[in-house]
Protein chains: 2
Amino acid sequence: MAQKPTLPKGTRDFTPSEVVKRNYIFDIVKKHFTAFGFQPIETPSFENSETLMGKYGDEGDRLIFKILNSGDYLSKVDDPTYADRDSNKLTPKISEKALRYDLTVPFARYVVMHQNELDFPFKRYQIQPVWRADRPQKGRFREFFQCDADVVGANSLLQEVELVQLYDAVFTDLGLTGVSIKLNNRKVLAGIAEVIGAKEHLIDFTVALDKLDKIGEEGVKKEMLEKGISEEAIVKAAPLFTMSGSNADQLLALKELLKDSVEGSKGAEELSFIVETLEDLGLQSASLKLDVTLARGLNYYTGAIFEVAAPEKVKLGSIGGGGRYDDLTGIFGLKDVSGVGISFGLDRIYLVLEELNLFPKAIDQSLDVLCVNFGDKEALAALKLVGKLRKMGVKADFYPSTAKMQKQMKYANNRNVPYVVLIGEQELADNIFVVKDMAKGEQQTYSLDAPENFVKEL
Amino acid sequence: MAQKPTLPKGTRDFTPSEVVKRNYIFDIVKKHFTAFGFQPIETPSFENSETLMGKYGDEGDRLIFKILNSGDYLSKVDDPTYADRDSNKLTPKISEKALRYDLTVPFARYVVMHQNELDFPFKRYQIQPVWRADRPQKGRFREFFQCDADVVGANSLLQEVELVQLYDAVFTDLGLTGVSIKLNNRKVLAGIAEVIGAKEHLIDFTVALDKLDKIGEEGVKKEMLEKGISEEAIVKAAPLFTMSGSNADQLLALKELLKDSVEGSKGAEELSFIVETLEDLGLQSASLKLDVTLARGLNYYTGAIFEVAAPEKVKLGSIGGGGRYDDLTGIFGLKDVSGVGISFGLDRIYLVLEELNLFPKAIDQSLDVLCVNFGDKEALAALKLVGKLRKMGVKADFYPSTAKMQKQMKYANNRNVPYVVLIGEQELADNIFVVKDMAKGEQQTYSLDAPENFVKEL
């Protein structure tokens with residue numbers, strides 16, 4: 001019985017054109033990851049549930065896709081649990097594996113399990129899909145690729161410096177000039193909360209501050225008040241709302257504001273080092289911008305915080321982010337492994353390149369040459385020619401049946417083939433082939449013994 | 001609380017060296033897929049359960065990984081079903097999605113869903129992981145990549161011809177010479193069963209025949225008898241066990257044997273066409289061998305059947321297979337779409353290349369150059385040099401801290417870096433860098449302003 005097939009919500013098929021464009025981005029990203037000394041790893045799509053559960057908060061736990069145990073899974077459920085009929089209690093009894101939710105926790109697991117064979121600092125990159133049972137909406141999918149580069153086992157701020165260079169190298173190579181790499185530091189945020197007397201409200205304070213570009217100064221102040229941050233503290237925080245000018249100017253203001261906080265001053269020093277070193281080294285097309293309102297999953301990061309904004313003319317928000325975290329592998333029992341990493345938001349980068357028309361022309365041209373099929377003998381000659389062209393790296397094909405000329409040419413048109421090759425009875429007798437340039441409408445003739453003369457002109 | 005992490009059974013982490021080698025194989029396969037006019041598609045990792053269930057037989061259904069519904073999934077289970085406490089009955093109530101089991105059924109779904117935007121013949125390739133809840137054993141995993149190329153919407157035997165050429169092109173490029181591409185035809189098997197009077201035992205007959213190289217002639221005959229095939233039929237089938245000589249000789253014998261079967265004769269004609277066309281076109285390094293005992297999932301194939309055997313010196317069995325199927329998309333309501341396809345067995349090809357030492361030397365060399373870190377000022381100069389090297393495509397890195405020289409050199413050794421760059425105080429003053437060739441132990445000096453002179457010699 002035939003069913004009309006559908007896709008699960010939040011998932012996508014990728015057409016040839018989409019796959020080719022996605023791979024174009026991946027290939028450029030990988031090229032620079034490799035040049036920067038990062039090495040690829042891959043981890044399994046599913047992990048033991050206990051590896052993932054409890055690492056992403058309650059909401060994360062809910063969004064993790066669980067895999068049902070195989071076989072007669074109910075036979076392992078004890079009677080009282082089954083009688084309770086409670087989904088949350090039943091799940092751990094009937095499901096031991098789950099699809100990965102991000103690449104960070106699997107990476108931490110990898111580092112711990114492979115610690116004896118790794119040379120630290122270990123620079124890894126990983127480009128694999130992750131799955132989240134999020135409510136699907138425009139631009140948000142239940143299966144999507146993450147693309148991460150991390151260095152673990154090194155405290156040096158030079159790592160932060162080179163990660164900014166890495167962003168710059170990739171976006172420059174993609175032709176996406178004008179991105180802003182925003183930079184902040186968790187210690188600075190903690191220092192500000194400290195000096196304004198809102199240390200115990202650090203999270204609420206930074207969550208509100210992070211919304212400055214969305215809800216404005218008044219909105220942020222309102223939210224802070226609502227969260228119990230005092231008027232006095234908010235007044236003291238005023239310089240944050242108006243911080244502007246060059247990175248150097250902002251750093252001066254910041255150091256003044258934070259002079260009474262040891263942690264805050266250390267954060268400001270770290271920012272200074274990164275900013276100044278990068279001024280010395282230079283960036284190709286991106287700009288580095290201090291942004292003291294940047295927070296991004298604050299609990300996770302302990303030092304630098306990065307976020308990359310697409311050029312302002314496209315309204316797409318963040319196309320990458322990352323930061324330093326001082327205890328990546330502690331959750332799996334390996335202490336004192338500091339790490340710093342960045343990620344690239346593939347789906348958004350794709351949309352930006354599409355919107356700005358930055359994919360190379362004809363990137364999704366799937367065929368260079370199509371040979372028309374005039375009959376069995378002619379087809380054999382075409383097949384020989386196609387074989388030679390393929391060996392020379394030309395994407396070549398032949399029409400597999402002796403359909404009407406009109407049908408074959410329609411196929412060539414639909415596939416947008418730039419050159420159609422004709423070998424009819426006469427051409428075969430003359431040992432030649434005719435090449436029709438579909439754009440110009442012109443025809444050229446070449447010897448079947450010397451297809452390289454045609455390839456030279458491609 | 002720290003857990004000691006483990007991997008789910010049957011799954012693997014891939015180390016950098018393994019990822020690089022796997023990608024080497026993928027890249028070569030993709031290069032030839034593309035030259036042959038195949039286009040990439042990708043489908044979601046999970047499908048609706050009804051898309052997959054019932055397509056692979058009862059055993060297949062059991063081996064499909066099911067995904068638990070999110071949220072309070074038990075609330076949608078009716079009371080009688082829950083009271084039954086039967087895993088098989090409960091599963092469809094609490095699980096609506098499943099991980100893909102192969103790439104063929106998702107491809108059929110893709111063709112049906114995208115039929116109005118596809119140009120037939122549609123040549124697609126797909127390289128993605130699949131999941132099976134198989135008992136893990138040596139060389140068999142619960143997550144593994146499949147790598148398929150199929151043409152749908154064309155009946156021409158020229159497709160079979162070019163798929164053999166495609167196998168030949170890929171294995172030649174991988175340096176894996178001496179593979180055998182075994183060829184058979186489902187119609188020939190049906191014809192044999194018919195002429196020996198065992199038509200109603202076609203499956204048993206071919207399943208037994210398929211085991212000829214494993215259990216020998218006597219074993220096959222014994223199994224056939226046990227399955228109810230008559231002595232008389234087995235006597236008539238005798239020529240099959242001794243079929244030898246060139247493909248041409250075998251074809252002659254086969255045509256004689258099958259002369260009273262319309263279907264069988266058609267199959268033999270198809271084999272003749274493929275064999276003769278390929279003799280005319282020639283293969284680079286593989287050989288094409290008729291094998292009338294080859295069956296491979298007979299129920300699935302309707303015409304040609306392929307299987308690729310690794311060179312005899314490696315005992316690894318099949319490294320690829322495929323065939324023609326006349327009704328790929330019928331399961332989803334689209335009739336009369338003939339297809340023919342092949343697949344590459346990545347994991348086995350990897351093992352063969354490893355065993356025969358066919359991966360390029362230094363393929364997993366993750367760094368070309370490592371700069372030693374002598375201090376803050378020197379590190380900045382090193383970072384500038386590294387930046388220039390990376391832009392020239394050199395995999396370059398610097399040691400991130402001013403650790404003891406011994407420790408830094410040990411790191412360079414462990415990462416198997418061929419060139420170590422030294423920029424100490426004196427070098428910095430002289431505006432030069434020293435390159436130590438780790439294999440030869442020799443040192444060379446270059447100007448910091450002209451690193452291209454060093455790159456030229458790499």
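Because the structure is a prediction, the values reported are computed rather than measured. Side chains are part of it too, since the values below use all heavy atoms of this structure and drop only hydrogens, waters and symmetry mates. Residue numbers begin at 1 in each chain, while the letters A, B, ... track the order of the sequences.
- A distance of 5.5 Å separates CG of A:Leu74 from CG of B:Leu90, quoted to the nearest 0.5 Å.
- Both the backbone and the side chain of B:Thr6 come within contact range of chain A, each with at least one heavy atom under 4.5 Å from a heavy atom of that chain.
- With sequence neighbours excluded, the residues forming a side chain to side chain contact (heavy atoms under 4.5 Å, CB included) with A:Asn373 are A:Ala379, A:Tyr399, A:Thr402, A:Gln408, B:Leu158, listed by chain and number.
- Between the side chain of A:Glu143 and the main chain of B:Ser45, a donor-acceptor pair closer than 3.5 Å is present.
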Give the C-alpha distance, both sets of side-chain angles, the deciding distance and a yes or no for side chain to side chain contact (heavy atoms under 4.5 Å, CB included) between B:Asp13 and A:Glu42.
CA-CA 6 Å; B:Asp13 280 332; A:Glu42 291 182 6; over 6 Å; no
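- Ranking B:Arg124, B:Gln159, B:Glu18 against chain A, the residue ahead of the rest is B:Gln159, based on heavy-atom pairs under 4.5 Å.
- With a 4.5 Å cut-off on non-hydrogen atoms, B:Ile94 touches chain A through its side chain but not through its backbone.
- Looking at B:Val161, only its side chain comes within 4.5 Å of chain A, counting heavy atoms on both sides.
- Taking the side chain as every heavy atom from C-beta outward, A:Arg85 and B:Asp79 approach each other to under 4.5 Å.
- Atom-to-atom distance recorded for B:Phe122:CZ and A:Arg415:CZ is 8.5 Å, nearest 0.5 angstrom.
- Residues A:Ser401 and B:Asn155 have side chains that never bring a donor and an acceptor to within less than 3.5 angstrom of each other.
- Among A:Leu383, A:Thr43, A:Thr11, A:Asp119, the residue making the largest number of heavy-atom pairs under 4.5 Å with chain B is A:Asp119.
- Of the listed residues (B:Ser70, B:Ala154, B:Ala396), the greatest number of heavy-atom pairs within a distance under 4.5 Å of chain A belongs to B:Ala396.
- With respect to chain A, the highest number of heavy-atom pairs below 4.5 Å among B:Tyr82, B:Tyr110, B:Phe141 belongs to B:Tyr82.
- In this structure, chain A has heavy atoms under 4.5 Å from both the backbone and the side chain of B:Leu7.
- Using a 4.5 Å cut-off between heavy atoms, B:Leu118 makes no contact with chain A at all.
- When heavy atoms are compared at a cutoff of 4.5 Å, B:Phe398 approaches chain A solely by way of its side chain, counted from C-beta outward.
- Residue A:Asp376 places its CG atom among 12 or fewer non-hydrogen atoms of other residues, nucleotides or ligands, all under 6.0 Å distant.
- Neither the backbone nor the side chain of B:Thr329 comes within contact range of chain A; no heavy atom of the residue lies under 4.5 Å from a heavy atom of that chain.
- Proximity to chain B involves both the backbone and the side chain of A:Ile67, based on heavy atoms less than 4.5 angstrom apart.
- Within the 4.5 Å cutoff, the side chain of B:Glu117 has heavy atoms near those of the A:Thr15 side chain.
- Annotation: maximal heavy-atom pairing with chain B below 4.5 Å, among A:Leu157, A:Thr277, A:Leu370, A:Thr91, occurs at A:Thr91.
- With sequence neighbours left out, the side chain to side chain contact (heavy atoms under 4.5 Å, CB included) criterion links A:Asn413 to A:Met438.
- Chain A is approached within less than 4.5 Å, heavy atom to heavy atom, by B:Thr34, B:Ala35, B:Phe36, B:Gly37, B:Gln39, B:Pro40, B:Ile41 from residues 32-41 of chain B, ordered by number.
- Listed options A:His114, A:Gln165, A:Arg62, A:Lys410 were ranked by heavy-atom pairs under 4.5 angstrom with chain B; first place goes to A:His114.
- Listed options B:Met392, B:Lys391, B:Glu96, B:Arg142 were ranked by heavy-atom pairs under 4.5 angstrom with chain A; first place goes to B:Lys391.
- Contacts of B:Lys97 with chain A are made by side-chain atoms alone, with heavy-atom separations under 4.5 Å and no backbone atom involved.
- Between chain B and the options A:Leu68, A:Asp368, A:Val20, A:Asn23, the largest number of non-hydrogen pairs under 4.5 Å is found for A:Leu68.
- Chain A forms more heavy-atom pairs under 4.5 Å with one residue of B:Asp173, B:Val77, B:Asn88 than with any other, namely B:Val77.
- Looking only at side-chain heavy atoms (C-beta outward), B:Tyr411 and A:Pro121 come within less than 4.5 Å of each other.
- Counting heavy atoms from C-beta outward, A:Trp131 and B:Pro44 have side chains that stay 4.5 Å or more apart.
- Heavy-atom distances place the backbone of B:Asp86, and not its side chain, under 4.5 Å from chain A.
- For chain A, no part of B:Lys31 is nearby; none of its heavy atoms comes within less than 4.5 Å.
- Considering all non-hydrogen atoms of both residues, A:Gly71 and B:Ser87 come closest at O-CB, 4.1 Å.
- Take B:Glu162 and apply the salt bridge (charged side-chain N to carboxylate O under 4.0 Å, His left out) test, not counting sequence neighbours, and it matches A:Arg390, B:Lys123.
- Note that NZ of A:Lys4 and CE of B:Met113 are 8.0 Å apart. Values are rounded to the nearest 0.5 Å.
- Chain A forms more heavy-atom pairs under 4.5 Å with one residue of B:Gln284, B:Arg12, B:Arg109, B:Glu47 than with any other, namely B:Arg109.
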